[in-house]
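Written below as structure tokens is the structure these notes are about.
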Amino acid sequence: MSLNNIVPVFKLYGESLNWPTPELLHCESIHSRSSLYEWNIRVHQHADLVQLLYMHKGQAEIEIEGTRRRVNQACLQIVPALCIHGFRFAPGTQGYSLSFAAPLIAQFEEQFGRPLQVLMQAACVPVKASRGQINTLFHTLQNEYEGDGEARDMMIHSLISALLVWLNRQCKPVLIGRDKVERRRCVIRRFNKLVESHYREHLSIAHYASLIGLSSVHLNTLCHEFYGHSALGVLHQRLMLEAKRSLLYTSMTISQISDYLGFSDATYFSRFFRRHTGATPKAFRIAPVWDSVPDKKLIR
């Protein structure tokens, strides 16, 4: 039996629907979610999210891939995509949880000019003398995330950039293990990056598989294991995310969005969109419903 048949996969812990907004990140306090579950976040994993858990005050038992450790000092826990993890907090523990979707990580990697290896390996980083700085950064980030201030996105990206620079300076690259589970995860991470770079090109699954060095059957098997659906489903969901964001946040016509997303014509794009949402692009633009796609593992 696959590990993924035992360990649940969530977008965010305890949620069965897609995120209700087009955000590529999520920021919340430890209290806001953990208090709903008696301060106990049972082991689970995220197929395409990287999380940073910042504990400012309190105590926690952190479980990463079957290894538990107790922490009682201010620290920042890195939880890579596909990493099995869980947290048990002492009641009243203060801090924040920040979740990054794969497309957002790709944006920051482009900004850095290289892969952010620091986000690929689980690590618990004490903040030590930077505690005040990091707490202020997270507090400001959550306020911006929940607010609607001028240049909100620019401010959020600036804060995240500062956090990633700080984190990158603290951590030395660690060689990733080569056990079977880790090798499968590496394949899925590679596929995620390829999808992010080429989803508008409508490449075949066979082409993606050849770039990774696998057969189409093997790639589909891994996607079913980690996502619960096919590799083609992953591609379609990435296209759907971009289509929804384009409809809501740009002035492009439906025909222009169709061209931008690589469809041969607007009619085909509209059929594709309606098949996945039950609504036409025009209707979605008027009354968006972000959780209309039934699959809860939509790539963000």
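Values reported hereafter were calculated over all heavy atoms of this structure, with side chains retained and with hydrogens, waters and symmetry mates removed.
- Between R88 and E63 there is no salt bridge, since none of the side-chain N atoms of the basic residue sits less than 4.0 Å from a carboxylate O of the acidic one.
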Next on the checklist: W39 vs T93, test: side chain to side chain donor-acceptor pair (under 3.5 Å). Steps then yes/no.
Outcome noted: CA-CA 9 Å; W39 299 89; T93 294; over 6 Å; no
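- Remark: aromatic rings of Y145 and H26 are close, center separation under 6.0 Å.
- Checked against a 6.0 Å centroid threshold, the rings of H202 and F263 count as neighbours.
- Judged by distance alone, with hydrogens and angles left aside, the side-chain atoms of H139 form no donor-acceptor pair with the main-chain N or O of L137 at under 3.5 Å.
- If you take CG on L247 and CD on E242, they are separated by 10.5 Å, rounding to the nearest 0.5 Å.
- Side chain of R69 to main chain of E61: no donor-acceptor pair is present (N/O by atom type, distance under 3.5 Å, no hydrogens or angles).
- Ion pairing between R152 and E144 fails under the 4.0 Å rule for side-chain N and carboxylate O.
- Using a 4.5 Å heavy-atom cutoff, the side chains of R183 and V187 are not in contact.
- Here CG of L141 is found 11.0 Å from CD1 of I134. Values are rounded to the nearest 0.5 Å.
- In this structure, CG on L194 lies 14.5 Å from CZ on R189, to the nearest 0.5 angstrom.
- Atom CD of E110 sits in a sparse spot, with 12 or fewer heavy atoms from other residues, nucleotides or ligands closer than 6.0 Å.
- When all heavy atoms of F272 and M240 are compared, the pair lying nearest together is CE2-SD, 3.6 Å.
- Atoms CG and OG, on L241 and S246 in that order, are 9.0 Å from each other to the nearest 0.5 Å.
- Between H229 and H224, the distance from one ring center to the other does not fall under 6.0 angstrom.
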Next on the checklist: Apply side-chain contact (heavy atoms from CB on, under 4.5 Å) to residues Q59 and F89 and explain how you reach the verdict.
Outcome noted: CA-CA 6 Å; Q59 296 182 5; F89 300 103; over 6 Å; no
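- Judged by distance alone, with hydrogens and angles left aside, the side-chain atoms of Q51 form no donor-acceptor pair with the main-chain N or O of V79 at under 3.5 Å.
- With a 6.0 Å radius and a threshold of 12 heavy atoms from other residues, nucleotides or ligands, E38 has its CD atom at or below the threshold.
- Of the charged side-chain nitrogens involved, at least one lies within less than 4.0 Å of a carboxylate oxygen, so that E65 and R185 count as a salt-bridged pair.
- V127 is not listed as a side-chain neighbour of N135, based on a closest heavy-atom distance of 4.5 Å or more.
- Interatomic distance, L52 CG to Q77 CD, rounded to the nearest 0.5 Å: 9.5 Å.
- Between the side chain of S32 and the backbone N or O of S29 there is at least one donor-acceptor pair closer than 3.5 Å.
- No single ILVMFWY cluster, assembled from side-chain heavy atoms under 4.5 Å apart, contains both V217 and L235.
- Residue-environment remark: CZ (R275) exceeds the threshold of 12 foreign heavy atoms within 6.0 Å.
- For the residue pair H56/Y96, the side-chain donor-acceptor check at 3.5 Å is not satisfied.
- To the nearest 0.5 Å, atom SG of residue C186 and atom CD1 of residue I212 are 11.5 Å apart.
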